Amino acid sequence: MITQEKYRSKAKKLLADGSVKMVIGYSPGSTADRRRPLFVRSFEEADQLVLDSNCIANLSGYLVTEGLLSDEKRVAIFLRPEGIRSLNILAAESQLNVDQIIIFGFDSIGREVSSLSGEHAGEFSELISSIKENPPEKSSEPLLYQIEQMNPQERFAFWKEEFSRCIKCYACRQSCPMCYCRRCIVDSNQPQWVNTSSHTLGNFEWNIVRAFHLAGRCVGCGNCDRSCPVNIPLRLINARMAAEVLESFDHFAGMSTTQEPVLASFKKEDSETFIL
Amino acid sequence: MTRILFSDKLDNCVTRWQSAGFSVIGPVTKDTFSSYAAVEHASDFDLGIVLPDRSLKELFFPQTEPMLRYTIKQQAINTEDFTPPSGKRLIFGVRPCDAAGLSIDDPLFGWDYKDEYWFQRRNDSVIVTIACTKSDDFCLCTSLKLAPDTTNGSDILLRPLENNKGWQVEELTDRGREAFLTIAEFLQEGSEPAAPMAVVPEMFDLDTCVAWLQNPENFESKFWKDISMRCIGCGSCTYLCPTCHCFDIQDEGDTYSGIRRKNWDSCSFALFTMHTSGHNPRSTQSARWRQRIMHKFNYFPGKFSVNSCSGCGRCSRQCPVDMGITETLQKISTLHS
């Protein structure tokens, strides 16, 4: 509650003195434990902002809404550490001018919410480094461990079963802050690179395309996983890809606003174990 | 006295239906996810859930369906039609909103062209609905002037007994009567009272909403932008909806051979209305959300005299950003038309 009040007053102050044109945060949702994205544009509306441990969604994807930042005015946004990392990537990939963004940083342990110190992207580098150095215990994701113990055939069977439920609603893509392409490759139909059908092949095509496009870019916010209406454990795919790029290139996504994209940059000392 | 189907006889019924040539389908939960799926035994049913995550629609209008195969050789073009699959099905434990969804889409699929794929499956299927004795925060059938024991689209309606040991049987159609004739020996006459229906509160006044939607001045209302600002434009509401029926025809293959398929499509997607020229008449997400609401509560009823929503609530229940028909219509009902 203290953090919520602190940020509410800050939102009011920034809106009142014109420092920001909008605050992107959370409001109560349709059930007691749901929170929904809220776009606050006036002093009065700021009282609708809530901040508690149920505020989970990474809102940073809204920052690249067409036209939102084109007037060069500033926007404040509630972000967890993963959200700050995805903001860094959006800046590194030239999708926004990070100077226009005021961060209302927060994190939670259990039901306790605390604020993060700093309000500009560059001020969180120590925090992000410490997250890199202290990865979550393997036991926190038993299913991932289980899948890694499988042989390729078993793994294929596992994902075939999971993807068989995919309906290609693209909620995973739409909820992902990294999926900002104006026209996704699967929507490109001249030529039709990827089948639109959600049969086995089409579902594999989509999910593999998604996995590769997010390698070294996914911050593990879990938006895709939570938004999947058919409960495919998408976070596991991304977690695996993140582990690969960390191991091969020591790349931890979203370290800074100037970090080079791992699959679009080259260093002489890069591991070349994949070249036969 | 009413005819009663006791739960302990259900497995006998399933076996009997199967030997009478029916594929028996019902709500099934696998891991954390539920849908209507084929079962072997009555114990495979999950009849305790409010409703399956996925709707009944996909058993009649699958997410992808082959229509024809083509081969082109020298001058000859050969096509081979995929005929709609046939085979008797008995779908047990359907929720009234899902069954009503079928009856909503019947006139659509039979309007200017009779969709063989839909009607073949409709004619082959017996819908055995169980009235709802429980609901959740997202159920909204009563707001749509339907009820937890609506019979639209059903061949049989079962009312759960108060003692939870079975169901009162109401036969609604000849198709239902015929299917239940095969299990007549497992039914008993009884006087067990039915359990009270789920109490589903009315969330909005539908007539007020429809009047507002029908007023042309509201088409450009600022309301649409405000309500849909957080919409991320995924298609989960439309794909889980028991009545959303839009599809796309796609040829998969190359110049010489391939398959033409009918795939689900969604008005939530920008690509849905994209013209070849690059112009998009529904260029913003708010225009797309407006279309969805207008279609369901203005255009569709204008053509077929029924709303294209049966109140299952899946759109709100599963929305990644907590939107949905309920919130939108609730807000509309407070606006002055």
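In what follows, chains are A, B, ... by sequence order, proteins preceding strands, each numbered from 1. The structure displayed is predicted, hence computed values, not measured ones.
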Are A/Thr31 and B/Asp137 close enough that a side-chain donor and a side-chain acceptor fall under 3.5 Å?
-> no
Of the listed residues (A/Arg173, A/Lys168, A/Arg35), which shares the most heavy-atom pairs with chain B below a 4.5 Å separation?
-> A/Lys168
Beyond-backbone contact of B/Gln285 with A/Gln174, side-chain heavy atoms, under 4.5 angstrom | no
Of all the heavy-atom pairs spanning A/Asn195 and B/Glu252, show the shortest one and how long it is.
-> OD1-CG, 3.2 Å
Counting heavy-atom pairs under 4.5 Å with chain A, the top scorer among B/Arg261, B/Met229, B/Gln318, B/Arg314 is B/Met229
Residues in side-chain hydrogen bond (donor to acceptor under 3.5 Å, both in side chains) contact with B/Gln63, at least two apart in sequence or another chain | A/Ser198, B/Arg54
Okay, A/Ala57 and chain B: the region with an atom under 4.5 Å from a heavy atom over there is neither
Region of A/Cys224 that comes under 4.5 Å of a non-hydrogen atom in chain B = neither
Proximity of residues 38-52 of chain A to chain B, residues having a non-hydrogen atom under 4.5 angstrom = A/Phe39, A/Arg41
Side chain, backbone, both or neither: which part of B/Asp322 has an atom under 4.5 Å from a heavy atom of chain A?
-> both
Could you tell me whether A/Glu148 atom CD has more than 12 heavy atoms of other residues or ligands within 6.0 Å of it?
-> yes
So do B/Leu240 and A/Ile167 actually touch side chain to side chain, heavy atoms under 4.5 Å?
-> yes
Has A/Lys21 got more than 12 heavy atoms of other residues, nucleotides or ligands less than 6.0 Å from its NZ?
-> yes
Which region of B/Asp265, side chain (C-beta onward) or backbone (N, CA, C, O), has a non-hydrogen atom less than 4.5 Å from a non-hydrogen atom of chain A, or is it both or neither?
-> neither
For the atom pair CG (A/Asn189) and CG (B/Asp248), what is the distance rounded to the nearest 0.5 Å?
-> 8.5 Å
Heavy atoms of other groups near B/Glu80 CD, more than 12 under 6.0 Å = yes
Hey, what do you get for CZ (A/Arg34) to OG (B/Ser316), rounding to the nearest 0.5 Å?
-> 8.0 Å
Contact winner vs chain A - B/Ser35, B/Cys234, B/Gly233, heavy-atom pairs under 4.5 Å = B/Cys234
Measure A/Arg165 against the heavy atoms of chain B and call it side chain, backbone, both or neither at under 4.5 Å.
-> both
Heavy-atom distances under 4.5 Å only: say whether B/Ser266 touches chain A with side chain, backbone, both or neither.
-> neither
Does the side chain of B/Lys30 reach to within under 4.5 Å of the side chain of A/Glu161, using non-hydrogen atoms?
-> yes
Drop me the distance from B/Asn263's CG to A/His199's NE2, to the nearest 0.5 angstrom.
-> 7.0 Å
How far apart are the closest heavy atoms of A/Ala171 and B/Pro320, and which atoms are they?
-> CB-CG, 4.4 Å
Name, in order of residue number, those residues of residues 227-236 of chain A that have a heavy atom at a distance of less than 4.5 Å from a heavy atom in chain B; otherwise write 'none'.
-> A/Ser227, A/Pro229, A/Val230, A/Asn231
Under the side-chain hydrogen bond (donor to acceptor under 3.5 Å, both in side chains) test, which residues partner B/Ser310, sequence neighbours left out?
-> none
In terms of heavy-atom pairs under 4.5 Å, which option from B/Glu58, B/Met274, B/Arg230, B/Arg317 contacts chain A the most?
-> B/Arg230
Would you mind checking which part of A/Glu66 comes under 4.5 Å of any heavy atom in chain B, side chain (CB onward), backbone (N, CA, C, O), both or neither?
-> neither
